[in-house]
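Notes to accompany the following structure.
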Number of protein chains: 2
Amino acid sequence: MAFPVCGPRPRNAAATRASILEAAQNRFARESYDDVGMRDIAGDAGVDPALIVRYFGSKEGLFRAALDHCHEGSTLLDGDRETFATRIAHEIVYGTKSPKKMQGLQIILRSMSSARAMEVVQQQSCEQFMNPLTTWIGGDHGAVSARMAAALMMGMTVSKEITGGLDLSEAECRSLEQRLARVLQDIIDGA
Amino acid sequence: MAFPVCGPRPRNAAATRASILEAAQNRFARESYDDVGMRDIAGDAGVDPALIVRYFGSKEGLFRAALDHCHEGSTLLDGDRETFATRIAHEIVYGTKSPKKMQGLQIILRSMSSARAMEVVQQQSCEQFMNPLTTWIGGDHGAVSARMAAALMMGMTVSKEITGGLDLSEAECRSLEQRLARVLQDIIDGA
DNA sequence: TGGCTTTGTCATCAGCTGTTGACAAGCGAA
DNA sequence: TTCGCTTGTCAACAGCTGATGACAAAGCCA
């Protein structure tokens, strides 16, 4: 990425590590754990695959580090409560294909079904996504509301994936955004 | 499956083919396309892996056939419109880990992120799931409503997967079932 | 019986994967 | 300089995967 056509990489462990991590995040956000190879990531980062093992121990270690480094909950829940639903709805409908905002969520969804990544995904998605959301919503029905809200967000992302990018008219997109925001807000408000 | 500890398999092409197909459906509903090996399916069906290639051409061919053979839309949309949401909600909250009813949906979700299976998944999920649902809901906002309803159903399934089976108290499960039914019904009614 | 097709099995292949250990080069300290 | 540690590269490995083609046996027809 950073040094595409140079000779040997400049000796800078921290920068190299960061470079690998960023390449891994981008790859894992677009392809599943199984589909992404160490050689792919190493290539993106302009590094030898063996270096990944040295820095992160294994592919699973790198995956865990990549997911760790997202801090999804905070970025997603930033902002005031009243506009949460509209912000999310807008992001879902009009957000770019792989927005930085939802990168953690993307990685989780992409690799959810891979047996090897499953353990990491379960742990991290609870710690970084489900639990913060539950706390943020709060109240007696926080857990239930969080499941439903998360389901709607994740499901819409899945739905986009399946149909290959929404596939709706402009008017329908607007309608979707509005309805999504309302349903989401109702869920959060415990209606 | 059918003949676990016999010698050579009885010569019956149709039965053997069906046996392979069933084994494939069960496997693909529980594990992702990449995680399931031809040897696994062949083992379940009590058959040599080479036979799968003979009958289905390739792993992808078998996957397509397995997904083809589900007829998800019809089984899911059977029943009257008024109770649709409650039926689905109940199925989601209290349904078994891998219900026959939602097997097609399970297969789609499991392999959604595999690049190799993606093309098949996209095509089949539209034909067998999204389009029937859109038609069934009908009206001007059918497409939008279908996306949202599908998102909620798929998202809840994903959510269950991620947290490792709901992980809610009995009271919370009841609450979830009720709220899910209401939200789903509202979506379908275009509210 | 002898030949032919169908059905199923076996050994094996090429390709890819994550991982390893040996090696080269940079770089600061003595 | 020379030593020693760090940083990066290279070639290679074992393991697994989907797929292939040769082969065996069953069943059928004449």
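Order of the sequence lines sets the chain letters (A, B, ...), proteins ahead of strands, with each chain counted from 1.
The side-chain hydrogen bond (donor to acceptor under 3.5 Å, both in side chains) contacts involving residues 163-175 of chain B comprise Ser169(B)-Glu172(B), where partners must be two or more places apart or lie in separate chains. For residues 46-64 of chain B, every residue pair satisfying the salt bridge (Lys or Arg N to Asp or Glu O under 4.0 Å) rule, not counting sequence neighbours, is listed here: Glu60(B)-Arg64(B).
The distance between atom OH of Tyr55(B) and atom C1' of dG8(C), rounded to the nearest whole Å, is 8 Å. Residue Leu51(A) contributes atom CG, which lies 14 Å from atom C1' of dA25(C) at whole-angstrom precision. Atom-to-atom, CG of Asn12(B) to P of dG8(C) comes out at 7 Å; the value is rounded to the nearest Å. Regarding Phe56(A), its CZ atom lies at a distance of 19 Å from the C1' atom of dT20(C), rounded to whole Å. One can place CD1 of Ile52(B) at 15 Å from C1' of dT7(C), the figure rounded to the nearest angstrom.
Residue Thr16(A) places no side-chain N or O under 4.0 Å from the OP1 or OP2 atom of dT7(D).
Partners of Ser145(A) by side-chain hydrogen bond (donor to acceptor under 3.5 Å, both in side chains), not counting sequence neighbours, listed by chain and number: Arg179(B). Take Phe56(A) and apply the ring pair (Phe, Tyr, Trp, His ring centres under 6.0 Å) test, not counting sequence neighbours, and it matches no residue. For His69(A), the ring pair (Phe, Tyr, Trp, His ring centres under 6.0 Å) test picks out no residue, with sequence neighbours left out.
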Q: Quick one, give me the B/S/- string for nucleotides 11-28 of chain D, reading 5' to 3', where B means a protein heavy atom under 4.0 Å from the base and S means that only happens at the primed atoms, P, OP1 or OP2.
A: -B-----BBBB---BB--
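Side-chain atoms of Asp80(B) and Thr83(B) form a donor-acceptor pair, as typed in the model, at a separation below 3.5 Å.
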